[in-house]
Asker: 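Take a look at this one; I'll ask things after.
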Amino acid sequence: MKKVALVKYGEVALRGKNRRLHENKLAGAIKAKLPDGYWVKKEQGRLLIEKDGEDIDFEKVIRLIRHTTGVTGFCSCIQTDDMDIECLQKIALEYMLDNYGQRDKITFKVETRRADKSYPFTSQEISARVGGYVYDGAGNFVAEMRFPDVVLHVEIRNSAYVYAGTVKGVGGLPSGTNGKALLLLSGGIDSPVAGFLTAKRGVRLDAVYFDSPPFTSARAAEKTRDLAARLALYVENLRLYTAFFTPIQTYIYENTPPGKLNIMLKRAMLAVASKLGEKLKCHGLVVGDSLGQVSSQTMESILAINSAATLPVYRPLSGMDKAEITEMARRIETYEISIRPYEDCCTVFTDKNPETRPNAAAVSRVERRLADLPDLIEKAIESVAVTEYGRVSDGA
Ligand code: ATP
Ligand code: MG
């Protein structure tokens with residue numbers, strides 16, 4: 001008998017022929033984050049984490065692997081090869097006392113799954129016998145079938161498992177099962193959340209930051225590096241590319257009529273990101289736009305900006321409002337980094353009256369007059385520097 005962790009993964013199980021590939025990816029992603037001596041085993045639609053001949057340290061394991069996408073939940077679980085009903089009863093009572101023994105009164109029920117149909121009792125009989133034993137064994141446990149505080153699970157498979165309570169996982173799909181995207185990562189609140197939502201769908205990510213020294217500070221670049229390191233918890237390997245944007249920004253500023261500055265800058269970012277993304281074999285770009293949030297994120301502005309991209313541009317925050325985005329940023333622990341108090345764009349470049357409904361044809365005419373821009377875009381791509389964030393993990 002020993003303590004193991006059970007890893008549940010809802011969506012993967014639905015994925016027909018890809019199922020084995022997804023399970024292998026998930027098992028690999030988890031194994032890579034665990035220290036030596038821990039094993040990840042596949043067992044009938046779940047993964048088990050166990051340690052050679054010893055109990056696992058559940059808290060420690062969860063700290064290490066809680067960011068793994070594709071996992072719906074983690075359960076601390078007792079595994080036993082002795083599947084006699086008396087043994088299951090004792091384990092169940094001990095589990096309940098360990099986890100809920102301190103409370104005055106707690107309602108519970110037992111739910112049994114029996115994959116091994118040769119077991120001498122039916123699922124209902126096992127639930128009744130185990131439930132009765134737990135009820136008799138401690139004064140504070142009260143049976144409640146409809147709305148119990150605790151559901152104690154008993155599963156009879158190749159071994160038997162007893163557990164209750166689930167620590168919620170990130171959900172989504174395992175990293176590396178759904179192509180690759182290049183995230184345009186600024187130091188703000190929105191783009192890290194957009195990156196997280198994309199990573200959650202199993203998409204591998206690289207990120208690009210457009211750096212405009214001396215107009216943007218070294219601390220702004222550092223902030224982006226810290227954000228990239230946090231995002232790297234959710235993806236297989238993440239590289240942050242820093243592109244030197246000052247020459248483009250200055251040139252556009254000096255040659256663009258008032259009102260269109262933001263649009264032209266965003267177009268240049270998408271143009272550079274597309275070329276870089278193609279070089280990196282990405283299937284799309286990701287930005288942190290939320291519809292209507294600022295002047296460059298109206299439907300008309302996005303129409304005028306988007307044609308500069310040659311890869312599909314994903315905007316996973318389109319339908320979210322600021323409060324929802326902020327809440328998610330807190331949950332994924334990027335918020336505290338994003339709000340560090342330094343400017344990420346010099347006021348020199350702020351457009352006093354940005355157009356909110358630009359005309360796409362007029363934007364194209366302005367851009368055609370920017371004769372040096374294609375050359376500056378090429379140079380920006382050549383200038384790119386890379387930082388790697390593979391296999392970053394926090395906790396122990
Ligand atoms: P964020 O909170 O992500 O900074 P924002 O609300 O400030 O977004 P914008 O400044 O319009 O909005 O930027 C929209 C998107 O463009 C960002 O979410 C990001 O994807 C991209 N972006 C903007 N500035 C940069 C930059 N310096 N480097 C990389 N990407 C950028
Ligand atoms: Mg911003």
Side-chain angles (χ1 to χ4, degrees), residues 181-198 205-213 215-228 230-231 239-246 248-249 252 260-274 276-277 282 284-299 301-302 304-306 308-309 311 313-318 320-326 328-330 332 334-347 349-351 354-356 358 380-381 383-385 387:
L182 182 63
L183 168 69
L184 282 77
L185 182 64
S186 65
I189 294 169
D190 301 337
S191 44
V193 177
F196 163 72
L197 285 173
T198 310
L205 287 183
D206 279 333
V208 60
Y209 168 60
F210 294 101
D211 195 15
S212 296
F215 310 118
T216 56
S217 68
R219 293 175 73 194
E222 183 187 310
K223 199 171 156 183
T224 318
R225 284 197 293 277
D226 290 348
L227 288 169
R230 276 232 69 87
L231 281 177
R239 290 190 188 86
L240 172 65
Y241 294 85
T242 303
F244 180 50
F245 202 57
T246 313
I248 293 180
Q249 193 153 358
I252 290 179
K260 293 200 170 50
L261 182 60
N262 285 344
I263 304 286
M264 303 317 282
L265 288 173
K266 287 279 146 57
R267 283 183 63 88
M269 285 185 190
L270 287 187
V272 175
S274 292
L276 181 62
C282 292
L285 305 178
V286 179
V287 295
D289 292 344
S290 156
L291 276 181
Q293 193 183 83
V294 292
S295 65
S296 60
Q297 296 170 17
T298 63
M299 294 291 282
S301 293
I302 290 172
I305 291 168
N306 206 61
L311 287 173
V313 181
Y314 294 87
R315 295 179 172 82
L317 310 186
S318 282
M320 292 170 76
D321 57 46
K322 198 73 190 182
E324 289 168 319
I325 297 168
T326 303
M328 192 168 283
R330 283 186 202 276
I332 62 169
T334 53
Y335 182 76
E336 294 301 325
I337 305 171
S338 292
I339 59 163
R340 281 185 205 159
Y342 19 93
E343 281 293 312
D344 64 325
C345 197
C346 179
T347 43
F349 291 108
T350 315
D351 212 331
E355 289 180 10
T356 54
I381 293 161
S383 78
V384 159
T387 320

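Ligands are counted one by one from 1 in listed order, and the atoms in each one are counted from 1 as well.
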Asker: What atoms of ligand 1 come within less than 4.0 Å of a heavy atom belonging to S296?
Answerer: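 Those qualifying, in numeric order: 11 (O).
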Asker: How close do L183 and S191 get, counting heavy atoms only, and between which atoms?
Answerer: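 Scanning both residues completely, I find the closest heavy atoms to be CD1-O, 3.6 Å.
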Asker: For K266, counting its heavy atoms only, list the atoms of ligand 1 lying under 4.0 Å from any of them.
Answerer: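 Close to K266: 9 (P), 10 (O), 11 (O), 13 (O), 16 (O), 23 (C).
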Asker: Minimum heavy-atom separation for A268 to I248, with atom names?
Answerer: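 Taking every non-hydrogen atom into account, CB-CG2, 3.7 Å.
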Asker: Under a 4.0 angstrom heavy-atom cut-off, which atoms of ligand 1 come close to Q297?
Answerer: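 In order of numbering, the contacting atoms are 9 (P), 11 (O), 12 (O), 14 (C).
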Asker: Of the listed options (A329, S212, G288, S290), which comes nearest to atom 18 (O) of ligand 1 when hydrogens are ignored and any heavy atom counts?
Answerer: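 Going through A329, S212, G288, S290 one by one, G288 has the nearest heavy atom to atom 18 (O) of ligand 1.
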Asker: State whether the side chain of S383 and the backbone N or O of F244 hold a donor-acceptor pair below 3.5 Å, judged by distance alone.
Answerer: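 Indeed, once roles are kept as given, a pair shorter than 3.5 Å links the two residues.
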Asker: At under 4.0 Å between heavy atoms, is it the side chain or the backbone of T216 that contacts ligand 1, or both, or neither?
Answerer: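 It is neither; nothing of T216 touches ligand 1.
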Asker: Which ligand 1 atoms does D289 reach within 4.0 Å, using its non-hydrogen atoms?
Answerer: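 Near D289, meaning under 4.0 Å from one of its heavy atoms, ligand 1 has 14 (C), 15 (C).
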Asker: Looking only at distances, please establish whether an N/O atom of ligand 1 is found under 3.5 Å from an N/O atom of F210.
Answerer: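 Checking ligand 1 against F210, an N or O pair does fall under 3.5 Å apart.
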Asker: Can you name the residues that form a side-chain contact (heavy atoms from CB on, under 4.5 Å) with S274, not counting sequence neighbours?
Answerer: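 Listed in chain order: L285, A309, T310.
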Asker: Look at ligand 1 and say whether V208 reaches it with a heavy atom at a distance under 4.0 Å.
Answerer: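 V208: in contact with ligand 1 (<4.0 Å).
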Asker: What residues, two or more places apart in sequence or in another chain, satisfy salt bridge (Lys or Arg N to Asp or Glu O under 4.0 Å) together with R239?
Answerer: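 Per chain and number, R239 pairs via salt bridge (Lys or Arg N to Asp or Glu O under 4.0 Å) with E388.
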Asker: Looking at non-hydrogen atoms alone, which of D190, N262, L184 comes nearest to atom 2 (O) of ligand 1?
Answerer: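 It is D190 that holds the nearest heavy atom.
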Asker: Going by the atom numbers of ligand 1, which of them fall below 4.0 Å from some non-hydrogen atom of G188?
Answerer: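 Taking each heavy atom of G188 in turn, ligand 1 has 1 (P), 2 (O), 4 (O) under 4.0 Å.
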Asker: I'd like to know if the side chain of Q297 reaches the main chain of S290, judged simply by a donor and an acceptor atom lying under 3.5 Å from each other, with no hydrogens or angles considered.
Answerer: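 Indeed, once roles are kept as given, a pair shorter than 3.5 Å links the two residues.
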Asker: Using 0.5 Å steps for rounding, measure from the CG atom of L317 to the CE atom of M328.
Answerer: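 These two atoms lie 8.5 Å from each other.
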Asker: What atoms of ligand 1 come within less than 4.0 Å of a heavy atom belonging to V287?
Answerer: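 Reading through ligand 1 atom by atom, the close ones are 20 (O).
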Asker: Any side-chain heavy atom of R225 within less than 4.5 Å of one from L240?
Answerer: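 Touching, per the 4.5 Å side-chain cut-off.
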